[in-house]
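Just so you know, these numbers come straight off a predicted model, no measurement behind them. A, B, ... follow the sequence lines: proteins, then strands. Residue 1 opens every chain.
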Amino acid sequence: MKKIETMTYEEAVEELESIIKELENENLSLKDSMEKFKRGMALYEYCNEILNKVEGEIKILLKDDEGTLYEEDFFMEV
Amino acid sequence: MTNKPLKVSEVNQYIKRLLSSDWILSNLKVEGEISNFKYHYSGHIYFSLKDEKGKIKCVMFRSYAENLDINIQDGDKVIVTGYISVYEKEGNYQLYATNIEKSGLGELYIAFEKLKAKLESEGLFDPINKKQLPAFPRKIGIVTSSTGAAIRDIITVIKRRFPIVDILIYPALVQGVYAVDSICQGLNYLNGREDIDLIIVGRGGGSFEELFSFNDEKIARTIFSLEKPVVSAVGHETDFTIADFVADLRAPTPSAAAEMVTPERSKLLEQLEENLDRLIMAMRSIVDNNKSKMDLIFSELRYNSPINRVRDMMQQQDNLFKRLVLAINYTLRSKRDTLDNLYNSLSYLNPLYCLERGYGILMDSDGNIITSIDSLDKNEEFNIMLKDGIVKAKVVNINKGELNYEKN
């Protein structure tokens, strides 16, 4: 099983949905069900955290005197 | 009539005056084909305009040449705006150009169509080669002018829909001679960055010429060569460029591009909550099912419990005990009856009972019961027990075998 922290959002959602389908449709033992449920909750928490993380940053690439690119915060003129 | 000779320079000056005072020659447009085109190091441009029958020398000074935003080469059909004047040093008249535009969209359009057909035949527009956009981008690269409306529109839309994504802008020239190289550099740079998930390339609206960099073959081939998905967003909805055809996705405008590359966070949150509900519901119903299964098993267990058999056995035992008691009572009673009967019978046999009826019992002096006259001798003393006492008697006579019951 993949470590949740290393998953992309899509992977996490995909696994969450497949767990739900398994719980809904398959006759799992109570023990397996509990384990899957716990994993599902962890995946939900993870996705929720990603969606509620702070705003992304906006950077612009600039060239220094030697022509090397560096990044700087970009502010939009209003 | 005096014919005073004039100096060469005077003639040239005179002609120049004449030409300058002509209202047509002082401001005109000339259509023709470029030849002998030369960029001078001073920044001025020298060329000739020609048609089938003639030729005219042209010059464009640096101050005007700097503002040209089209590429010019020999053979181009152009319309030059300017005025006719004399270059006194050479005695030439020439066209002093202030602006050059390509004559009609025809030429550009033909070039566009030609390039489009060529790239299409090479498979650059083939849907098979289109890469899919990530559903959940983490960082979006943008190649466009850092000052135009395009970048503003893109950022505004992304911030509204999907504020958690990172954005990296590669500021590029989007028109003029250096636009193509600048855009290609941006595309290649962002493509080489590990953290970029997709690239938007584009610019805001403009004239056909202003958008024409995006019809360049080099840009088309660069877009095609990238590993990352590219979304083109050039001009307005009605503008189509070669870049649009090669890109993995064509957005009608920069704002539309921003919308097409980002999911809506609010929708994702909604879907996630739905998933949470489903997860909990599924688990709850599993627990409920197991619980009712358990209940069933428990009630079966209870039904089959040994305690029931113990109870049965206890009841059976009680019954047996009751029957036992009954049986014993019955036996006892019948025994007692028998005993009573015996007692009654025995009572009859009691010798004392005979005494009641008037019999007496004879006993010798030792108390032995005398049942035969053989046990008695004449004059022997003996006792007679009657019902209310004992009589001492003496044998007077013995008559053996004589019985006289009738006398009683």
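Within the 4.5 angstrom heavy-atom criterion, only side-chain atoms of Asn290(B), from C-beta onward, approach chain A. For a residue to count as touching a neighbouring chain, one of its non-hydrogen atoms must lie under 4.5 Å from one of that chain's; by this rule Lys63(A) touches chain B with the side chain only. Neither the backbone nor the side chain of Glu22(A) comes within less than 4.5 Å of any heavy atom of chain B. For chain A, the nearby part of Arg193(B) is the side chain; its heavy atoms alone come within less than 4.5 Å. Neither the backbone nor the side chain of Leu28(A) has a heavy atom closer than 4.5 Å to any heavy atom of chain B. Only the side chain of Leu16(A) comes within contact range of chain B, with at least one heavy atom under 4.5 Å from a heavy atom of that chain. Leu43(A) does not touch chain B: none of its heavy atoms, backbone or side chain, sits under 4.5 Å away.
Between Tyr44(A) and Glu273(B) there is a side-chain heavy-atom pair separated by less than 4.5 Å. The side-chain heavy atoms of Tyr9(A) and Leu268(B), taken from C-beta on, include a pair separated by under 4.5 Å. Between Leu61(A) and Tyr189(B), some side-chain heavy-atom pair lies under the 4.5 Å cut-off.
Within a 6.0 Å sphere centred on CD of Glu14(A), other residues, nucleotides and ligands contribute 12 heavy atoms or fewer. Within a 6.0 Å sphere centred on OH of Tyr303(B), other residues, nucleotides and ligands contribute 12 heavy atoms or fewer. Around atom NZ of Lys2(A), more than 12 heavy atoms belonging to other residues, nucleotides or ligands sit under 6.0 Å away. More than 12 heavy atoms of other residues, nucleotides or ligands lie within 6.0 Å of CG in Asp288(B), so this atom counts as buried by the packing criterion. The number of heavy-atom neighbours closer than 6.0 Å to CD of Gln132(B), taken from other residues, nucleotides and ligands shown, is 12 or below. Crowding of Arg221(B) atom CZ: a count of heavy atoms from other residues, nucleotides or ligands under 6.0 Å exceeding 12. More than 12 heavy atoms of other shown residues, nucleotides or ligands fall within 6.0 angstrom of atom NZ in Lys130(B). Lys131(B) NZ: more than 12 foreign heavy atoms inside a 6.0 Å radius.
Listed in order of number, the residues of residues 155-168 of chain B that approach chain A to under 4.5 Å between heavy atoms are Ile155(B), Thr156(B), Lys159(B), Pro163(B), Ile164(B), Val165(B), Asp166(B), Ile167(B), Leu168(B).
To the nearest 0.5 Å, atom CD1 of residue Ile286(B) and atom CE of residue Met34(A) are 10.0 Å apart. Interatomic distance, Ile19(A) CD1 to Asn275(B) CG, rounded to the nearest 0.5 Å: 10.5 Å. To the nearest 0.5 Å, the span separating NZ on Lys293(B) from CG on Leu30(A) amounts to 9.0 Å. Distance check: Ile142(B) CD1 to Phe74(A) CZ gives 8.5 Å after rounding to the nearest 0.5 Å. Rounding to the nearest 0.5 Å gives a distance of 11.0 Å between CD of Gln271(B) and SG of Cys47(A). To the nearest 0.5 angstrom, Ile58(A) atom CD1 is 6.5 Å from Ile169(B) atom CD1.
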Applying side chain to side chain contact (heavy atoms under 4.5 Å, CB included), run through Leu276(B) and Asn48(A) and close with a yes or a no. CA-CA 10 Å; Leu276(B) 178 67; Asn48(A) 200 38; over 6 Å; no
Residues Met281(B), Leu23(A); criterion side chain to side chain contact (heavy atoms under 4.5 Å, CB included); working and verdict: CA-CA 9 Å; Met281(B) 287 269 286; Leu23(A) 288 179; over 6 Å; no
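Taking Lys59(A), Lys53(A), Glu71(A) one by one and counting their heavy-atom pairs under 4.5 Å with chain B, the maximum is reached by Lys59(A).
Residues Ala135(B) and Glu10(A) share a closest heavy-atom pair of N-OE2, 3.8 Å. Across all non-hydrogen atoms, the minimal contact from Glu24(A) to Ala282(B) is CG-CB, 3.9 Å. The minimum heavy-atom distance linking Ser146(B) with Ile60(A) is given by the pair CB-CD1, 3.5 Å.
Side-chain N or O atoms of Arg278(B) include none that pairs as donor or acceptor with a backbone N or O of Ile20(A) at under 3.5 Å.
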